[in-house]
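Heads up, the thing below is written out as C-alpha cells.
Excluded from the calculations below are hydrogen atoms, water molecules and symmetry mates; all remaining heavy atoms, backbone and side chain alike, are included. All chains are named by letter (A, B, ...) in the order of the sequence lines, taking the proteins before the strands, and each is independently numbered beginning at 1. These numbers were taken from a predicted model, which means no experiment stands behind them.
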Amino acid sequence: MDKLSIEKPVRVRFAPSPTGFLHIGGARTAIYNWAFARRMGGTFILRIEDTDPERSTPENTAQIIRSLRWLGLDWDEGPEVGGDFGPYLQTERFSTYGMALKHLQENDLVYPCFCTPEELAARRESALSKQDFHGYDRSCRHLNADEVSARLTAGEPCAWRLKLPLEHDDIVFDDAVYGQITVPFSEMDDLICVRSDGSPTYNFAAVIDDSNMQVSHVIRGDDHLSNTPKQILIYEALGLEVPTFAHLSMILGADGKRLSKRHGATSIEAYRDEGYLSEALLNYLALLGWSLDGKTDIFSAQTLCENFSFGRVSKNPATFDNDKLTWVNSTYIKEMGARAFIDALTPWLESAGLAYGIDGKANAEQVKDSIQDNRDWYEAIYPLIAERAKTLADAAPMVSYLFSGSELEMDEKSVQKCLSAAEIPNLLESCITILDNPSLEWQHNNIEAALRAVPEVAGVKPKLLFQAVRVAICGNMVSPPLFESIELIGRNKALARLKKAAETASTIAVSVKDVTTPS
RNA sequence: GGCCCGUUCGUCUAGCGGUUUAGGACACCGCCCUCUCAAGGCGGAGAUCACGGGUUCGAAUCCCGUACGGGCUACCA
C-alpha cells in the first residue's frame, strides 16, 4: 500500500449532482472520500456534476457546500477553494468533453447515431418483451460512410456512441470494497457518450473528469457499480489509465427501503435543525457501514481519518437507525463541556427567546448580549442538562424555567399531584424561612443541606417536600436537579416562586377539604 | 427477462477455516443508586450465522445451487 501511494498520489473526489439537498447517503460517501484522502495524505476534491439543467440549481449547490462544511469536511480542490484541475463544475468543463469526443472521432472509436429517442424506446420495448434485450442494436453502426457524411453535413441531429471492439475479454476489475467483479462483455452495448444536443452523458463526463483530475480512487455509491464496466470501456477507448473503484452500499430507511423523503428527515441540514451536533452526525454516519474495531462506537473525526480503510467497509446495505444516532448525539453532549455546549445552544436560546435577566421572551440580540454578559451563569446550566438532553432541541425547553423570572407557570398535573397534600403549605413556608435567611450562603450544597432539615423535623418523607419544591421552582414534577436550579434562579425569584406555590397549595388544601368534609 | 451485488440478534456490526457455548453497541426488560427525570453500575432476554448441497479431520468463514432484497439494463445522474 505504501509503495503504491508513492507511485501514484491518492486523489479522490466527491461528485454530487445538485438536483437536491445533500442527504444522508451522499454525506456518508463524502465522509469516506474525505477520510480516505486524509488517511493516505492525499487530495480530496469536490466536483459538482450539474450537467442536468432541468434539475440542477445553484441553490442546491450552495446547500450541499454548506452541509459539507457544517459536517466539518474540507476539500483541497473544488468550489470556493479552486485548484489546478478546475473548473470544478461540470457545466464549465464542456470544452474538455468536446476534445475527448474529437479524439474518439478522429480515431474511429465512436460513430454517429441518428436513431431518435422515440425509436430507441420503441425498439427497447419490443426487445424487452422478447426477453433478450442486450442494449442498442447497433443499426447506425452499420450505415455506410457516404450516407453518414451526407446526413452529417445535412445537419441531422445525432448522438455519438462508443464503437465497442467486436472482440473483448469479459470486464474484470477489483473493487476495493466488493473485491473482484466480472461482467461478461456480451452485456455491453455501444453507449452514448455525447447526446444529440452536444451534452455529455454522465458516464462520459465522469470518466473525462476523473481522468483529467487524475483521480486515483473513485469512491461512490453502489448504484454506480453497474456503470463501472461501461466507464472502463470508455477509459480503454481513450487510452486512459483506469482508477481503482470503491463502491459503497446504500443506506436504507427503517422499512428496509432505500432512504427517501418518505422516511422523514434525510437532508443534512434537517438533522442540524433537529438539534444534532455535526460531530455526532459525522460519527454516526461513519459508523453506518464502517467499523473502527468492531467495539468502538464513539470516535473523533481525527480517529476516523487516521484509521479509515476499505477493508472495514461493509458490503451490505445499512438501515438508518435514528435511535442510535440520538444515542451518539447524547454522548457527545455529555462530553462536549460547558463552553462548547453553550456555543452550540446559543441559536436555540435565541429562537426560544431565553435570556438571563429578561423575563418573558427576549429577542435574539438580547439573548446574545445576555450570554456574553453572564457567561458563567449560562455555563452552569450545562451540568444540569448534559445527561438529560439528547439533542440541542431538547435542551431549550428543558431549561426554560430558569428564565421565567418570578412568575412561573406551573404544570397543572404536577400541581395536583405534588402540591395537594395537607402538609405542603406549612412545609413550603418553612423552606421560605430558611432560604430567606441572608446568612445562608447561596450555593446548592448549602441550600440542599438546609432544606433537608425540613422534612426531617416535620417527620415526612424528603420526597414529599422536594417534589413540591420542584414544582414550585421548576413548574413541573420532572426537572433537572433541584438545588442547582434554586441556586441558578437566585434567592429573590426562588422565594417568589415558593410563595406563589405555597398560596396555590393552600387553596388546593382548602378545596380538597371542602370536597372531603361531609356537609 | 438479462447482468451485477448483497444476506451474522429488531438495528449497526465483530468474525477473514480450529482460540466461538458467535463478541460489542443501540433499542428492550430487571435490579442498584436516587430530590423527579435522566445519567451511571450490574444483570437478562435476543442470531439453529437466509435456505439446501458440497469441499474439509473441522465452515458463519471456501465452492455450487435456491430463495429473498437491491442496483443497472436511458440521448438521468
Side-chain angles (χ1 to χ4, degrees), chain A residues 15-17 19 49-52 54-56 90 113 115-117 120-121 124 127-135 157-161 175 178-179 181-184 186-189 191-197 199-203 205-206 221-230 247 249-250 252 254 256-258 284 287-291 293-298 311-312 314-328 330 334 385-390 398 414 418 448 451-452 455 461-471 474 476-483:
Chain A
S17 61
T19 54
E49 307 212 327
D50 55 350
T51 50
D52 182 351
E54 302 282 310
R55 298 188 296 149
S56 301
Q90 278 189 329
C113 174
C115 304
T116 65
L120 293 171
R124 185 164 48 243
L128 216 43
S129 63
K130 276 183 278 169
Q131 306 186 343
D132 64 345
F133 180 62
H134 281 283
C158 68
W160 289 89
R161 307 192 88 115
D175 189 278
Y178 286 94
I181 291 175
T182 305
V183 181
S186 57
E187 292 299 316
M188 311 309 297
D189 77 344
L191 64 262
I192 291 176
C193 293
V194 175
R195 302 184 188 102
S196 51
D197 69 357
S199 65
T201 57
Y202 162 73
N203 282 317
D222 80 352
D223 45 338
H224 290 300
L225 202 49
S226 305
N227 282 323
T228 306
K230 304 175 196 171
H247 288 93
S249 64
M250 310 256 89
L252 274 22
K257 295 271 193 290
R258 194 175 169 160
Y284 177 67
L287 199 58
L288 199 59
W290 179 78
S291 61
D293 55 13
K295 299 198 236 305
T296 311
D297 286 334
I298 303 297
R312 300 198 71 88
S314 83
K315 297 179 179 70
N316 40 334
T319 303
F320 190 85
D321 181 2
N322 227 305
D323 282 343
K324 184 130 184 183
L325 199 216
T326 302
W327 173 78
V328 171
S330 70
K334 254 172 279 179
I385 55 172
E387 294 166 351
R388 271 162 265 263
K390 297 190 184 306
M398 214 173 257
S414 301
C418 302
E448 176 171 2
L451 291 185
R452 278 196 185 277
K461 285 197 168 162
K463 189 169 164 180
L464 179 75
L465 171 68
F466 293 141
Q467 281 300 81
V469 175
R470 183 184 311 283
V471 174
C474 307
N476 199 293
M477 58 199 277
V478 175
S479 82
L482 181 57
F483 307 108

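Pairing for C72(B) is with G2(B), a Watson-Crick or G-U wobble pair whose two hydrogen-bonding atom distances lie under 3.5 Å. Nucleotide U7(B): paired with A67(B) (Watson-Crick or G-U wobble, both distances less than 3.5 Å). With a 3.5 Å ceiling on both atom-pair distances, U19(B) lacks any Watson-Crick or G-U wobble partner. Judged by Watson-Crick or G-U wobble contacts below 3.5 Å, the nucleotide U34(B) has no partner.
Of the candidates C35(B), C75(B), C3(B), the closest approach to any side-chain atom of Val183(A) belongs to C3(B). Side-chain atoms of Ile181(A) lie closest to C5(B) of the nucleotides U13(B), C72(B), C5(B). For Lys324(A), taking side-chain heavy atoms from C-beta onward, the closest of the listed nucleotides C72(B), U36(B), A25(B) is A25(B). For Ile192(A), counting side-chain heavy atoms from C-beta on, the closest listed nucleotide (A77(B), C72(B), C75(B)) is C75(B). Checked against C37(B), G10(B), A77(B), the side chain of Asp321(A) finds its nearest nucleotide in G10(B). Picking from C26(B), C75(B), G71(B) the nucleotide with the shortest atom distance to the side chain of Asp323(A) gives C26(B). Which of A38(B), C12(B), C3(B) sits closest to the side chain of Lys390(A) comes down to A38(B). Each of C3(B), C37(B), C35(B) was ranked by its minimum atom distance to the side chain of Arg452(A); first place goes to C35(B). The side chain of Pro184(A) lies closest to C4(B), out of U36(B), C4(B), C35(B). When distances run from any side-chain atom of Leu288(A) to the nucleotides C12(B), C5(B), C75(B), the shortest one goes to C12(B).
Atom P of nucleotide A39(B) and atom CD1 of Ile385(A) are separated by 14 Å, given to the nearest angstrom. Atoms CZ (Phe483(A)) and P (U34(B)) sit 14 Å apart, rounded to a whole Å. In this structure, Trp290(A) atom CH2 and A14(B) atom C1' are separated by 13 Å, rounded to whole Å. Atom CD of Glu187(A) and atom C1' of U73(B) are 9 Å apart (whole Å). The distance from atom CE of Met477(A) to atom C1' of C37(B) is 10 Å, rounded to the nearest whole Å. Rounding to whole angstrom units, CG of residue Leu325(A) and P of A27(B) are separated by 12 Å. Between the NZ atom of Lys295(A) and the P atom of G23(B) there is a distance of 12 Å, given to the nearest Å. Taking atom CD of Glu387(A) as the reference point, atom P of U36(B) lies 14 Å away to the nearest angstrom.
Mapped onto RNA chain B by nearest heavy atom, Asn203(A) and Gly294(A) fall at different nucleotides, with Gly294(A) at the one closer to the 5' end. Both Gln467(A) and Trp327(A) sit near RNA chain B, but only Trp327(A) has its closest nucleotide nearer the 5' end.
Here His224(A) lies in heavy-atom contact (under 4.0 Å) with a base. Using a 4.0 Å heavy-atom distance criterion, Phe466(A) is classed as a sugar-phosphate-only contact. Thr228(A) comes within 4.0 angstrom of no nucleic acid atom, judged by non-hydrogen atoms across all strands. As judged by a 4.0 angstrom heavy-atom cut-off over every strand, Pro481(A) is placed among the base-contacting residues. Cys474(A) comes within 4.0 angstrom of no nucleic acid atom, judged by non-hydrogen atoms across all strands. When heavy atoms are screened at a 4.0 angstrom cut-off, Thr182(A) is found touching the sugar-phosphate backbone but no base atom. Backbone-only contact: Pro317(A) has heavy atoms under 4.0 Å from sugar-phosphate atoms and none from a base. No engagement by Gly221(A) is indicated, since no non-hydrogen atom pair under 4.0 Å with the nucleic acid exists. Contacts of Ser17(A) with the nucleic acid, taken as non-hydrogen atoms under 4.0 Å apart, involve only primed sugar atoms and P, OP1 or OP2. In this structure, Leu451(A) reaches neither bases nor backbone, as no heavy-atom distance under 4.0 Å exists between it and the strands shown.
Side-chain atoms of Tyr284(A) do not come within 3.5 Å of backbone N or O of Asn322(A) as any donor-acceptor pair. When atom types are taken as modelled, the side chain of Ser330(A) and the backbone of Lys390(A) share no donor-acceptor pair closer than 3.5 angstrom.
Annotation: A59(B) and U8(B) have their C1' atoms spaced 14 Å apart (nearest Å). Taking atom C1' on both G70(B) and C29(B), the two are 35 Å apart, rounded to the nearest angstrom.
The structure places CZ of Arg470(A) at 9.5 Å from CE of Met477(A), a figure rounded to the nearest 0.5 Å.
For U13(B), the OP1/OP2 oxygens have a side-chain nitrogen or oxygen of Ser314(A) closer than 4.0 Å. For the pair Asn316(A) and U8(B), the criterion of a side-chain N or O lying under 4.0 Å from OP1 or OP2 is met. Residue Thr201(A) places no side-chain N or O under 4.0 Å from the OP1 or OP2 atom of A77(B). Side-chain N/O atoms of Arg124(A) include none lying less than 4.0 angstrom from OP1 or OP2 on U73(B). OP1 or OP2 of A14(B) lies within a sub-4.0 Å distance of a side-chain N or O belonging to Ser291(A). Not one side-chain nitrogen or oxygen of Thr19(A) sits closer than 4.0 Å to the OP1 or OP2 atom of A77(B). Arg312(A) has a side-chain polar atom (N or O) that falls below the 4.0 Å cut-off from OP1 or OP2 of G15(B). OP1 or OP2 of G40(B) has at least one side-chain nitrogen or oxygen of Lys334(A) nearer than 4.0 Å.
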Test log, rule side-chain contact (heavy atoms from CB on, under 4.5 Å), inputs Lys230(A) and Tyr202(A) | CA-CA 11 Å; Lys230(A) 304 175 196 171; Tyr202(A) 162 73; over 6 Å; no
Given the rule in the side chain to side chain donor-acceptor pair (under 3.5 Å) test, do Asn203(A) and Thr201(A) qualify, once you have shown the distances and angles that lead to the verdict?
-> CA-CA 6 Å; Asn203(A) 282 317; Thr201(A) 57; 5.7 Å; no
Derivation of the side chain to side chain donor-acceptor pair (under 3.5 Å) call for Asp222(A) and Tyr178(A) = CA-CA 10 Å; Asp222(A) 80 352; Tyr178(A) 286 94; 3.0 Å; yes
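At a cut-off of 3.5 angstrom, the base of G6(B) holds no donor-acceptor pair with the side chain of Ser249(A). With hydrogens and angles ignored, a donor-acceptor pair closer than 3.5 Å exists between the side chain of Asn227(A) and the base of A77(B). Residue-to-nucleotide contacts include a donor-acceptor pair under 3.5 Å from the side chain of Ser196(A) to the base of C75(B).
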